[in-house]
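What you are looking at is a predicted structure, and each value in this text was computed from that prediction instead of being measured. Count residues from 1 along the sequence.
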Amino acid sequence: CMEKLCLFRDTNAIVYPLDEELVVRCIKTLNYKNTILGWSKKDSNAALFVKEIKKAELTTTITYVWQQGKEASYTIPFIDDASVENSITSAIICLHLGVEVKTLAERMPQLEPVAMRLEVKEGQHGCTLINDSYNSDFNSLDIALDFMNRRPDHKGRKRTLILSDILQSGETKNNLYPEVADLAEKRGVEKFIGIGEALRSESDAFSRLREKYFFATVSEFINSDVFKGLRNEVILLKGARSFGFDQLTELLVNKVHETVLEVNLNAVVDNLNWYR
């Protein structure tokens, strides 16, 4: 910790977690002369006091007080602790550099995950997963379908596309989804699974595809026989983040590793007796 902090001796400001005792101790030892901005969930006198962290199914809302001023909040499209802490650090930097509270609240929900594009994983029941659920737009869909076609493992296996509504395309759904259907047909998609109200309302555009299914939500799809029937297919997952496609990836990917917890009761007794 000391060695890392030495790298930042000449910075104008340092942002750090005030609740981490080790970091606080090291900062005091190095006697920084620059601005020190600590954030805390416990100390209301911190530069940024985190009053509440409220997690929903796909989002987290952080309520905070900046430099003992007015209470404010922002929402991020993540629920993992690392992303929450990263967002707090980012919020302090923004506020310190003069970004307005209102602007921060508008921008935070637009954050996208830093993820691998076109990540290939081994799926269950003989399936191969191509995960490109980083975003969903027409141009990247064409690239992803081309990638799926070039996979050497697609021969003899059904090519399946699981697609969410395409958001913020700038086109009306009457124009957009016939184009999507033409592209899917041209790229050799044999099974199409559409998720979202817009896709479901435009299902007639996909009439030329041999197999097609439509669901309002990811949860509805997961609970369907179509989901249970995925076998020996190359599956491209292409969805806007708000639809929660990470649930699909988690359920479809082959779990290579298992964690086993063993408790040796005899050893526990021996340890207890030793301490006695």
Side-chain angles (χ1 to χ4, degrees), residues 1-115 133-137 164-165 167-170 196-197 217-219 239-247:
C1 185
M2 290 284 285
E3 196 67 17
K4 286 185 176 180
L5 285 168
C6 284
L7 296 171
F8 309 112
R9 279 186 185 278
D10 300 322
T11 56
N12 293 325
I14 289 178
V15 178
Y16 72 103
L18 196 58
D19 299 337
E20 293 287 344
E21 185 185 340
L22 174 65
V23 179
V24 174
R25 197 165 70 242
C26 291
I27 284 177
K28 285 179 179 176
T29 303
L30 288 172
N31 193 25
Y32 277 104
K33 304 298 182 187
N34 41 21
T35 304
I36 301 206
L37 301 168
W39 65 270
S40 172
K41 300 176 187 176
K42 305 170 185 175
D43 186 356
S44 59
N45 294 317
L48 188 140
F49 171 52
V50 180
K51 190 171 182 181
E52 184 183 33
I53 296 174
K54 192 173 182 180
K55 294 186 179 182
E57 187 177 354
L58 297 172
T59 60
T60 303
T61 299
I62 293 95
T63 303
Y64 66 93
V65 177
W66 170 242
Q67 293 186 332
Q68 300 181 13
K70 291 183 179 179
E71 185 178 304
S73 66
Y74 63 82
T75 300
I76 56 171
F78 312 103
I79 56 173
D80 62 285
D81 291 339
S83 294
V84 170
E85 292 193 8
N86 287 341
S87 79
I88 292 168
T89 301
S90 301
I92 296 174
I93 294 166
C94 290
L95 294 165
H96 175 66
L97 295 176
V99 175
E100 293 183 1
V101 168
K102 182 183 175 184
T103 305
L104 188 70
E106 289 171 352
R107 297 289 179 86
M108 281 290 195
Q110 299 174 27
L111 287 170
E112 290 277 3
V114 179
S133 52
Y134 173 82
N135 64 358
S136 182
D137 61 79
S164 78
D165 287 351
L167 307 178
Q168 299 174 336
S169 68
E197 293 293 352
T217 63
V218 165
S219 297
R241 177 166 181 81
S242 58
F243 284 86
F245 267 41
D246 48 342
Q247 298 174 62

Any salt bridge (Lys or Arg N to Asp or Glu O under 4.0 Å) pairs touching residues 16-27, not counting sequence neighbours?
-> E21-R25
Please collect all side chain to side chain donor-acceptor pair (under 3.5 Å) contacts where either partner lies in residues 97-110, sequence neighbours excluded, each pair once.
-> none
For F78 and S83, which heavy atoms make the closest approach, and how far apart are they?
-> CB-CB, 3.6 Å
With side chains defined as the heavy atoms from C-beta onward, is the minimum distance between L48 and V65 less than 4.5 Å?
-> no
Euclidean distance, S87 OG relative to I62 CD1, rounded to 0.5 Å | 4.0 Å
In short, F243 meets V218 closest at the heavy-atom pair O-CG2, 3.1 Å
Could you tell me the separation between the CZ atom of F49 and the CD atom of E71, rounded to the nearest 0.5 Å?
-> 9.0 Å
Please report the shortest heavy-atom distance between G38 and A46, naming the atom on each side.
-> O-CB, 3.6 Å
Heavy atoms of S73 and A105 approach each other most closely as O-CB, 3.8 Å
Could you state the interatomic distance from OG (S44) to NZ (K51), rounded to the nearest 0.5 Å?
-> 10.0 Å
Name all residues meeting the side-chain contact (heavy atoms from CB on, under 4.5 Å) criterion together with E52; count only those two or more places apart in sequence or in a different chain, and write none if there are none.
-> K54, T63
Polar side-chain atom of T59 near backbone of A56 as donor-acceptor pair, under 3.5 Å | no
Contacts of D43 that satisfy side-chain contact (heavy atoms from CB on, under 4.5 Å) - sequence neighbours left out | L18, S40, N45
Exactly one candidate in L95, I14, I92 meets side chain to side chain contact (heavy atoms under 4.5 Å, CB included) with L37; the answer is I92
Working to the nearest 0.5 Å, report the span between CH2 of W66 and NE2 of H96.
-> 7.0 Å
Residues in side-chain contact (heavy atoms from CB on, under 4.5 Å) contact with I93, at least two apart in sequence or another chain = V15, T89, L97
Going from CD1 on I53 to OG1 on T60, what distance comes out if it is rounded to the nearest 0.5 angstrom?
-> 8.0 Å
Across all chains, not counting sequence neighbours, the side-chain hydrogen bond (donor to acceptor under 3.5 Å, both in side chains) partners of T75 are T61
About how many Å separate OH of Y74 and CG of L104, when rounded to the nearest 0.5 Å?
-> 7.0 Å
Pairwise side-chain contact, P77 with L58, heavy-atom cut-off 4.5 Å (strictly under) | no
After noting the C-alpha distance and the side-chain angles of N12 and T35, does the key distance pass the side-chain contact (heavy atoms from CB on, under 4.5 Å) rule?
-> CA-CA 6 Å; N12 293 325; T35 304; over 6 Å; no
